[in-house]
Visitor: 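Below you will find the structure I want to go over with you.
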Amino acid sequence: MHSTPERLTRPFFDRSVHEVAPELIGATLLVGGVGGVIVEVEAYHHTDPAAHSYRGRTDRNAVMFGPAGYAYVYRSYGIHWCLNFVCEGEGSAAAVLIRALQPVSGLAAMRRRREMSDERRLCAGPGRLCEALAVTHGHNGSRLDRPPFALYARTEAVEVAAGPRIGISKAVERPWRYGVAGSRFLSRPFKGRG
DNA sequence: TATGAGATCAACT
DNA sequence: GTTGATCTCATAC
């Protein structure tokens with residue numbers, strides 16, 4: 001074993017979402033001991049027309065308006081769950097959408113929940129990731145530095161690619177998607193190099 | 001490899 | 001009544 005990875009706590013998230021998002025690439029996310037290395041995220045901010053918080057606080061997005069370091073979970077297209085990490089200070093309504101993991105821990109549990117064995121697609125996409133890690137609305141508003149969540153800073157430098165976000169119809173041009181260029185575990189490749 | 005439809009529901013207009 | 005920060009399966013090349 002090498003050095004013990006640094007555990008990410010609330011101060012880590014209490015910064016600009018555009019600082020936090022790229023730094024999450026390469027970090028390790030576990031939910032109940034199941035998870036892996038974050039390889040793809042997207043940043044959202046309340047000044048951003050594509051963000052849920054853009055039109056102000058509602059019952060659904062209330063967690064985004066709270067303090068940093070909490071999980072914001074919402075239902076997407078009536079079917080999937082999507083996991084976000086709330087960033088910046090209270091009222092800033094910024095969050096990072098976790099889009100893809102490289103599976104590392106709890107492969108058997110993930111395969112059982114996803115009913116598939118293909119490691120590349122176990123967590124390649126926000127909906128898939130939540131299914132593999134058993135993240136549901138019940139995790140909405142949970143602290144990220146308390147069980148079942150566990151987050152660890154990356155231990156090695158990674159080259160972070162940026163590009164346009166996926167699946168949105170507003171502010172499409174903002175390059176607020178970050179990830180490991182060329183990773184086999186992305187929901188979709190980054191344009192340019194790969 | 002690419003494109004398209006269906007699934008399914010809560011928020012929002 | 002319409003719209004998604006999506007995924008899967010089917011069909012077409």
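Every chain is numbered from 1 and lettered A, B, ... according to where its sequence line falls, protein lines coming before strand lines. This one's a predicted model, so the numbers in the text were calculated from it and none came from an experiment.
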Visitor: Below 30° counts as parallel, above 60° as perpendicular, anything between as tilted: where do the rings of Phe149(A) and His139(A) land?
Guide: perpendicular
Visitor: For Leu83(A) and dC7(C), what is the distance between atoms CG and P respectively, to the nearest whole Å?
Guide: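 Going from CG in Leu83(A) over to P in dC7(C) covers 13 Å.
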Visitor: Could you tell me whether the phosphate oxygens of dG4(C), OP1 or OP2, come under 4.0 Å of any side-chain nitrogen or oxygen in Ser169(A)?
Guide: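 The answer is yes; a side-chain N or O of Ser169(A) sits under 4.0 Å from OP1 or OP2.
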Visitor: Starting at atom NE2 of His137(A), determine the distance to atom P of dA10(B), rounded to an integer number of angstrom.
Guide: 10 Å
Visitor: Under 3.5 Å, is there a donor-acceptor pair between the Gln102(A) and Ser183(A) side chains?
Guide: no
Visitor: Whom does dA5(C) pair with, Watson-Crick or G-U wobble, provided both distances fall under 3.5 Å?
Guide: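 Check on dA5(C): unpaired, no WC or wobble geometry under 3.5 Å.
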Visitor: Would the distance check show the side chain of Arg128(A) and the main-chain N or O of Ala100(A) forming a donor-acceptor pair, the cut-off being under 3.5 Å?
Guide: no
Visitor: Which listed nucleotide (dT6(C), dA7(B), dA5(C)) is nearest to the side chain of Ile79(A)?
Guide: dA7(B)
Visitor: Just compare dA5(C), dT6(C), dC7(C) and give me whichever is closest to any side-chain atom of Arg128(A).
Guide: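 Side chain of Arg128(A) sits closest to dC7(C).
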Visitor: Heavy-atom contacts under 4.0 Å between residues 38-74 of chain A and DNA chain B, which residues?
Guide: Arg55(A), Thr58(A), Arg60(A)
Visitor: Indicate, with a heavy-atom threshold strictly under 4.0 Å, whether Leu97(A) touches base, sugar-phosphate, or nothing.
Guide: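 Base, at least one base heavy atom under 4.0 Å.
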Visitor: Should the pair Arg113(A)-Glu131(A) be classified as a salt bridge under the 4.0 Å nitrogen-to-oxygen rule?
Guide: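 Salt bridge absent between Arg113(A) and Glu131(A).
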Visitor: Using whole Å, what does the distance between atom C1' of nucleotide dA7(B) and atom OH of Tyr77(A) come to?
Guide: 13 Å
Visitor: Quickly work out the Arg114(A) CZ to dC7(C) P distance and round it to whole Å.
Guide: 9 Å
Visitor: Quick one: look up who dT8(B) pairs with, Watson-Crick or G-U, both distances under 3.5 Å, and put none if it's unpaired.
Guide: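 dT8(B) is unpaired by these criteria.
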Visitor: Can you give each donor-acceptor pair under 3.5 Å made by side-chain atoms of residues 19-28 of chain A, sequence neighbours left out, with the distance rounded to 0.1 Å?
Guide:
residue	atom	partner	partner atom	Å
Glu19(A)	OE1	Arg15(A)	NH1	3.3
Glu23(A)	OE1	Arg15(A)	NH2	3.2
Glu23(A)	OE2	Arg15(A)	NH1	3.1

Visitor: Whole angstroms only, please: what is the CZ-C1' distance between Arg75(A) and dT8(B)?
Guide: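 Spelled out: CZ on Arg75(A) to C1' on dT8(B) is 8 Å.
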Visitor: For a quick check under 3.5 Å, do Arg111(A) and Ser117(A) share a side-chain donor-acceptor pair by atom type?
Guide: no
Visitor: Side-chain N or O of Arg99(A) less than 4.0 angstrom from OP1 or OP2 on dT6(C)?
Guide: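 Yes, such a contact exists.
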Visitor: Are Tyr54(A) and His45(A) linked by a side-chain donor-acceptor pair shorter than 3.5 Å?
Guide: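 No donor-acceptor contact under 3.5 Å links the two side chains.
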Visitor: Judged by each residue's nearest nucleotide on DNA chain C, which is more toward the 5′ side, Glu131(A) or Lys170(A)?
Guide: Lys170(A)
Visitor: Measure CZ/Arg188(A) against C1'/dT3(B) and give the value in whole Å, please.
Guide: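 Checked: the CZ to C1' distance equals 12 Å.
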Visitor: Nearest-Å distance, NE2 (His80(A)) to P (dT6(C))?
Guide: 9 Å
Visitor: Output yes when at least one side-chain N/O atom of Arg121(A) is less than 4.0 Å from OP1 or OP2 of dT6(C), else no.
Guide: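 Negative; the distance criterion is not met.
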Visitor: Atom CH2 of Trp81(A) to atom C1' of dC9(B): distance rounded to whole Å?
Guide: 10 Å
